[in-house]
There are 2 protein chains.
Amino acid sequence: MTELLQKNIAAHISLSNPETEAFCNLFQHEIIKKRSFLLREGEVCKFEGFVIKGLFRVYHIDKDGFEQILYFAIENWWITDIDSFTNETPSQLFIEALEDSEVLLISKKDKEFAYSNMPEIEKLFRVMTQKTHVALQRRMIDNLSKTAESRYIEFSEKYPQLIQRLSNIQVAAYLGITNVFLSNIRKKIALKK
Amino acid sequence: MTELLQKNIAAHISLSNPETEAFCNLFQHEIIKKRSFLLREGEVCKFEGFVIKGLFRVYHIDKDGFEQILYFAIENWWITDIDSFTNETPSQLFIEALEDSEVLLISKKDKEFAYSNMPEIEKLFRVMTQKTHVALQRRMIDNLSKTAESRYIEFSEKYPQLIQRLSNIQVAAYLGITNVFLSNIRKKIALKK
DNA sequence: TCAAAACATTAAACTAGTTTAATAAAGCAA
DNA sequence: TTGCTTTATTAAACTAGTTTAATGTTTTGA
């Protein structure tokens, strides 16, 4: 059940097999049906999660009712609202399964336990947080400097397997444009070829 | 010299006085003149810095020569290119002093030393990275969902002391708009009052 | 399996933000 | 102090992206 998680950890830090297993045993397996929620706005996020099957979107709904997607998570990705989880404050985010999915969840208490007893775990999450931060910095720069068309092309090229599993509505909400405009972009690209 | 840094650390984690001092002693004091650079694109970022005086901007120049500002740093803020520093890869960023400034810098070697010998320091940087990540997530959502006008208003309200020290050109590069359009926004706001 | 809901596309009018250029004001180096 | 560079403002033409609405297609759930 935790093979994928074990591999994921090994990709970030070196940790002995027994320690890796001990840490993985702190996770609970959960099955999440398509269109159901791991987290809703206003709830305190009680978990940090690792996707072993399926697809999630992490998004915000603004005061005008528009959805902005912060990120998607497929197999081998982590999901949480790090703000709500860390500070135990009500979340401003929704985490929703876009496909029938399976996750491994660790509670705050068990994560604290790991931090206290396994110094390498502190490093694991520092390294992971740094990596996601760097990725978000790049995305921020792209959003500041690039047109929607090139953001779409680059997203398609970077995550070709992901984009096939997403509706245009989801992709548009990630890129920060309307699905109507995304349709125009797609048509324009198709005509070029 | 390191009083401000000591206070900053205390705001994130609890650390004994001797340990705090030992850690702070790993930092080098540097004076950076206005318009000079702490880091240029292509260089490997050799430091993690803490501003004790002055003002910096951290920015990227895209292929068309436009500048996007990732963030500003004034007194009591940290600056680095975390990507370049951590992975020892050439930076895509510039870090430039916008005023005569002073910083405390720690090298990678000394930071690694701290990580190895002071477990609390690992936690300090995990916590700080988390906080900056949460702030960037919020900014990402704002950029996806809000007009330039409301982003300007909110930036002005959130950092009133900072905006006075910045030219409109810098503010516009942070907001992701042209300085011409920022001028229009400012006029529109002034007329409303 | 059928009706309802969600989705993708297109068109047309609209608006937020850009571009270029001109002008005046402020800051800076010699 | 002067001249040079940077900055802020304004105008006018332009473009990227939105809005609303209509149409056909696909998915879904009972």
Side-chain angles (χ1 to χ4, degrees), chain A residues 33-36 54-55 57 59 61-69 72 94 96-101 142-156 163-193, chain B residues 33-36 54-55 57 59 61-69 72 96-100 142-156 163-193:
Chain A
K33 281 256 171 231
K34 181 169 177 170
R35 275 178 219 204
S36 53
L55 167 60
R57 63 175 180 144
Y59 66 102
I61 300 186
D62 69 26
K63 61 175 188 348
D64 302 318
F66 292 98
E67 299 176 357
Q68 295 89 39
I69 294 182
F72 300 103
F94 295 83
E96 180 191 1
L98 294 177
E99 300 175 358
D100 289 344
S101 303
D142 285 352
N143 267 278
L144 289 174
S145 62
K146 292 179 179 163
T147 62
E149 181 177 345
S150 62
R151 268 145 54 211
Y152 172 69
I153 292 171
E154 283 165 27
F155 181 66
S156 310
I163 209 162
Q164 294 177 48
R165 291 158 74 176
L166 297 171
S167 70
N168 284 357
I169 292 175
Q170 306 302 338
V171 175
Y174 178 84
L175 296 175
I177 58 176
T178 60
N179 58 331
V180 175
F181 190 53
L182 179 54
S183 241
N184 292 339
I185 289 173
R186 286 160 55 86
K187 191 186 180 189
K188 194 177 151 195
I189 292 172
L191 287 178
K192 273 187 197 165
K193 289 182 182 166
Chain B
K33 281 257 170 229
K34 180 169 177 173
R35 275 175 219 206
S36 52
L55 167 60
R57 63 175 180 144
Y59 65 103
I61 299 186
D62 68 26
K63 63 175 186 351
D64 301 319
F66 292 99
E67 298 176 357
Q68 295 89 40
I69 294 181
F72 300 103
E96 180 191 3
L98 293 176
E99 299 175 358
D100 289 344
D142 285 352
N143 267 278
L144 289 174
S145 62
K146 293 179 179 164
T147 62
E149 181 176 346
S150 61
R151 267 145 55 212
Y152 173 69
I153 292 171
E154 284 165 27
F155 181 65
S156 311
I163 209 161
Q164 292 176 51
R165 292 159 72 175
L166 297 171
S167 70
N168 284 357
I169 292 175
Q170 305 304 336
V171 175
Y174 177 85
L175 295 175
I177 58 176
T178 59
N179 58 332
V180 175
F181 189 53
L182 178 55
S183 239
N184 292 339
I185 289 173
R186 284 160 56 86
K187 191 186 178 188
K188 194 177 153 197
I189 293 172
L191 288 176
K192 273 187 195 164
K193 288 183 183 164

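These numbers come from the heavy atoms of this one structure, side chains and all, not from hydrogens, waters or symmetry mates.
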Non-hydrogen side-chain atoms of A/D62 and B/L144 separated by less than 4.5 Å: no
CD on B/E154 to OG on B/S156, rounded to 0.5 Å: 9.5 Å
Test item: A/E149 and A/I189 side chains (from C-beta on) under 4.5 Å apart, heavy atoms: yes
Close side-chain approach of B/N143 and A/N143, heavy atoms under 4.5 Å: no
B/N168 to B/N179 - nearest heavy-atom pair and separation: O-CB, 4.4 Å
Closest heavy-atom pair and its distance - A/R57, A/E96: NH2-OE1, 2.7 Å
5' to 3' contact window, DNA chain D with chain B (heavy-atom distance under 4.0 Å): D/dT7 to D/dA11
Sequence-aligned protein contact record of nucleotides 2-9 of chain C, with B where the base is within under 4.0 Å of a protein heavy atom and S where only the sugar-phosphate is: -----SSB
Close side-chain approach of B/Q170 to B/F72, heavy-atom, < 4.5 Å: yes
Sugar-phosphate, base or nothing in reach of B/K34, heavy atoms under 4.0 Å: sugar-phosphate
Contact check, side chains of B/F181 and B/L175, non-hydrogen atoms, under 4.5 Å: no
B/R186 side chain reached by B/Y152 side chain, heavy atoms, under 4.5 Å: yes
Plane angle bin for A/F94 and A/Y59 - parallel if under 30°, tilted between 30 and 60°, otherwise perpendicular: parallel
End-to-end axis angle, where each axis spans five pairs of the helix from C/dT1-D/dA30 to C/dA30-D/dT1, to 10°: 60°
